[in-house]
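Let me begin by presenting the structure, written as structure tokens, before commenting on it.
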Amino acid sequence: MSRLESADCGRVPFSVEFSPPRDEAAEARLWRAVREFEPMRPAFVSMTYGAGGTTRDRTVRVTGQIAAETTLLPVAHLTAVEHTVDELRALVGAYADCGVRNILALRGDPPGDPLGEWIKHQDGVEYAHELVSLVRDLGDFHVGVASFPEGHHRSPDLDHDTAHLVRKLRAGAEYSITQMFFDVEHFLRLRDRVDAYDPEQGAKPIIPELMPITSLRSVRRMVELSGSHLPKDLEERLTRAAGDGPEEDRQAVREVGIELATQMGERLIAEGAPCLHFITLNFARATREVLANLGLGVATV
């Protein structure tokens with residue numbers, strides 16, 4: 001990922017994650033966020049992929065438009081869920097045709113219930129490392145993978161999880177982006193585990209993913225679906241901020257979320273994180289506030 005390597009001297013790069021829009025109104029909101037972030041020069045922007053390819057056509061089209069119509073560097077998520085090998089090859093080709101050469105290769109979650117049983121397509125691939133190899137064999141692509149500071153919910157233990165991550169990196173992945181987390185120690189221990197298991201692969205960037213919390217209900221749902229955890233003390237703090245009325249106090253929750261993301265960002269920068277990756281949910285404001293607090297959100301001409 002050359003944009004990381006050419007980051008401004010003294011400025012830790014940041015990147016943002018967008019989600020594929022499901023209708024025209026959502027697409028308009030996405031493009032507002034794209035245009036707000038563009039002058040801030042993120043290292044890259046990633047576009048997630050609907051479970052089972054539910055937003056496939058729109059995802060490919062919008063990602064290609066970002067590549068063609070903006071100065072941003074798009075990274076396309078690609079999942080193996082419910083796809084044959086031929087379909088996966090066709091998707092990679094579609095991305096290449098629209099100028100997208102950066103792929104985040106993910107096994108993906110089952111549609112309907114992300115924590116449910118994962119069933120391999122009979123003509124597909126079983127593991128993410130196979131998807132990495134498939135993409136690399138198709139041409140000159142930069143490939144990243146996912147990593148899990150708390151361990152993937154399907155892994156029996158952290159050692160097993162580390163072995164899987166290293167296998168993906170050995171298959172040709174150049175970096176990983178973590179699942180969201182809310183305790184920096186989990187990220188630091190992940191780095192330590194990978195480096196101890198295989199120092200060569202441990203030298204590859206592990207990019208921490210942050211989500212500025214703006215709603216207690218939303219973050220609880222995202223944590224539930226992802227298999228990650230909300231620390232008890234943080235949940236209690238957010239619950240107090242939300243209040244006990246019929247509707248949560250979104251502004252108070254938001255203030256806690258921005259403060260937490262800022263503190264985590266400061267610690268991660270101090271610990272040498274190569275980049276900060278933000279979940280935006282296709283809104284710019286919360287991430288922009290955190291970036292401004294960190295001195296990273298200055299728009300450039």
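Below, all heavy atoms of this structure are taken into account, side chains as well, without hydrogens, waters or symmetry copies. From a predicted model like this one, the values you see are computed outputs, not experimental measurements.
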Residue pair [X] / [Y], side-chain heavy-atom distance below 4.5 Å:
{"X": "Thr239", "Y": "Arg220", "answer": "yes"}
{"X": "Phe18", "Y": "Met47", "answer": "yes"}
{"X": "Phe37", "Y": "Phe278", "answer": "no"}
{"X": "Thr70", "Y": "Arg35", "answer": "yes"}
{"X": "Tyr197", "Y": "Leu165", "answer": "no"}
{"X": "Arg250", "Y": "Thr214", "answer": "yes"}
{"X": "Val219", "Y": "Phe182", "answer": "yes"}
{"X": "Ser46", "Y": "His77", "answer": "yes"}

With a sphere of 6.0 Å drawn around [atom1] of [X], does it hold more than 12 non-hydrogen atoms of other residues, nucleotides or ligands?
{"X": "Glu69", "atom1": "CD", "result": "yes"}
{"X": "Arg191", "atom1": "CZ", "result": "yes"}
{"X": "Asp23", "atom1": "CG", "result": "yes"}
{"X": "Arg170", "atom1": "CZ", "result": "yes"}

Rounded to the nearest 0.5 Å, what separation is found between the [atom1] atom of [X] and the [atom2] atom of [Y]?
{"X": "His152", "Y": "Ser228", "atom1": "NE2", "atom2": "OG", "result": "11.0 Å"}
{"X": "His186", "Y": "Glu150", "atom1": "NE2", "atom2": "CD", "result": "4.5 Å"}
{"X": "Thr162", "Y": "Asp198", "atom1": "OG1", "atom2": "CG", "result": "11.5 Å"}

Tell me the closest heavy-atom pair linking [X] and [Y], and the distance in Å.
{"X": "Ala286", "Y": "Pro212", "value": "CB-CB, 4.0 Å"}
{"X": "Ala76", "Y": "Val100", "value": "CB-CG1, 4.0 Å"}
{"X": "Asn102", "Y": "Pro74", "value": "CB-O, 3.7 Å"}
{"X": "Leu106", "Y": "Leu131", "value": "O-CD2, 3.4 Å"}
{"X": "Phe141", "Y": "Val92", "value": "CZ-CG1, 3.4 Å"}
{"X": "Val256", "Y": "Arg237", "value": "CG1-NE, 3.7 Å"}

Taking side chain to side chain contact (heavy atoms under 4.5 Å, CB included) as the criterion, tell me which of [options] meets it with [X].
{"X": "Met180", "options": "Ile213, Leu210, Val223", "answer": "Val223"}
{"X": "Pro274", "options": "Val12, Leu268, Ile206, Ile207", "answer": "Ile207"}
{"X": "Val34", "options": "Asn282, Thr280, Leu72", "answer": "Leu72"}

Checklist entry - How are the rings of Phe181 and Phe187 set relative to one another: parallel (under 30°), tilted (30 to 60°) or perpendicular (over 60°)? => result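 It falls in the parallel class, under 30°.
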Item to check | Whether His164 and Tyr127 hold their rings parallel, tilted or perpendicular, with breakpoints at 30° and 60° | outcome: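 The arrangement is tilted - the two ring planes meet at 30° to 60°.
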Quick one: does any side-chain atom of [X] pair with a main-chain N or O of [Y] as donor and acceptor, under 3.5 Å?
{"X": "Glu248", "Y": "Val253", "answer": "no"}
{"X": "Lys168", "Y": "Ala105", "answer": "no"}
{"X": "Arg189", "Y": "Pro149", "answer": "no"}
{"X": "Glu38", "Y": "Thr71", "answer": "yes"}
{"X": "Arg107", "Y": "Ala80", "answer": "no"}
{"X": "Thr178", "Y": "Ser147", "answer": "no"}
{"X": "Thr287", "Y": "Phe283", "answer": "no"}
{"X": "Glu289", "Y": "Ile258", "answer": "no"}

Next on the checklist: For a side chain to side chain contact (heavy atoms under 4.5 Å, CB included) check, start with the C-alpha distance between Leu294 and Leu276, then their side-chain angles and the critical distance, and finish with the verdict.
Outcome noted: CA-CA 11 Å; Leu294 296 171; Leu276 301 181; 3.8 Å; yes
Checklist entry - How would you list, by chain and number, every residue that makes a side chain to side chain donor-acceptor pair (under 3.5 Å) with Asp161, sequence neighbours excluded? => result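 Testing Asp161 for side chain to side chain donor-acceptor pair (under 3.5 Å), a comparison that skips the adjacent residues, returns Ser155.
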Next on the checklist: Under 6.0 Å between ring centres: does that hold for His277 and Phe44?
Outcome noted: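 Yes: the rings meet the under 6.0 Å criterion.
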Next on the checklist: Strictly by salt bridge (charged side-chain N to carboxylate O under 4.0 Å, His left out), give each pair with a member in residues 129-144 just once, sequence neighbours left out.
Outcome noted: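 Residue pairs with at least one partner in residues 129-144: there are none.
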Next on the checklist: Evaluate Glu36 against Arg288 for salt bridge (charged side-chain N to carboxylate O under 4.0 Å, His left out), listing each step before the verdict.
Outcome noted: CA-CA 9 Å; Glu36 283 191 62; Arg288 288 191 63 156; 3.4 Å; yes
Item to check | Pairing of Lys232 and Glu235 as salt bridge, 4.0 angstrom limit | outcome: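 Not counted as a salt bridge, because no side-chain N and carboxylate O are separated by less than 4.0 Å.
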Next on the checklist: Tell me whether Glu185 is salt-bridged to Arg267, with the criterion being a basic N under 4.0 Å from an acidic carboxylate O.
Outcome noted: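 Looking at Glu185 and Arg267, the cut-off is met.
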Checklist entry - Could you walk me through whether Tyr175 and Leu104 pass the side chain to side chain contact (heavy atoms under 4.5 Å, CB included) check? => result CA-CA 9 Å; Tyr175 63 96; Leu104 195 71; 4.1 Å; yes
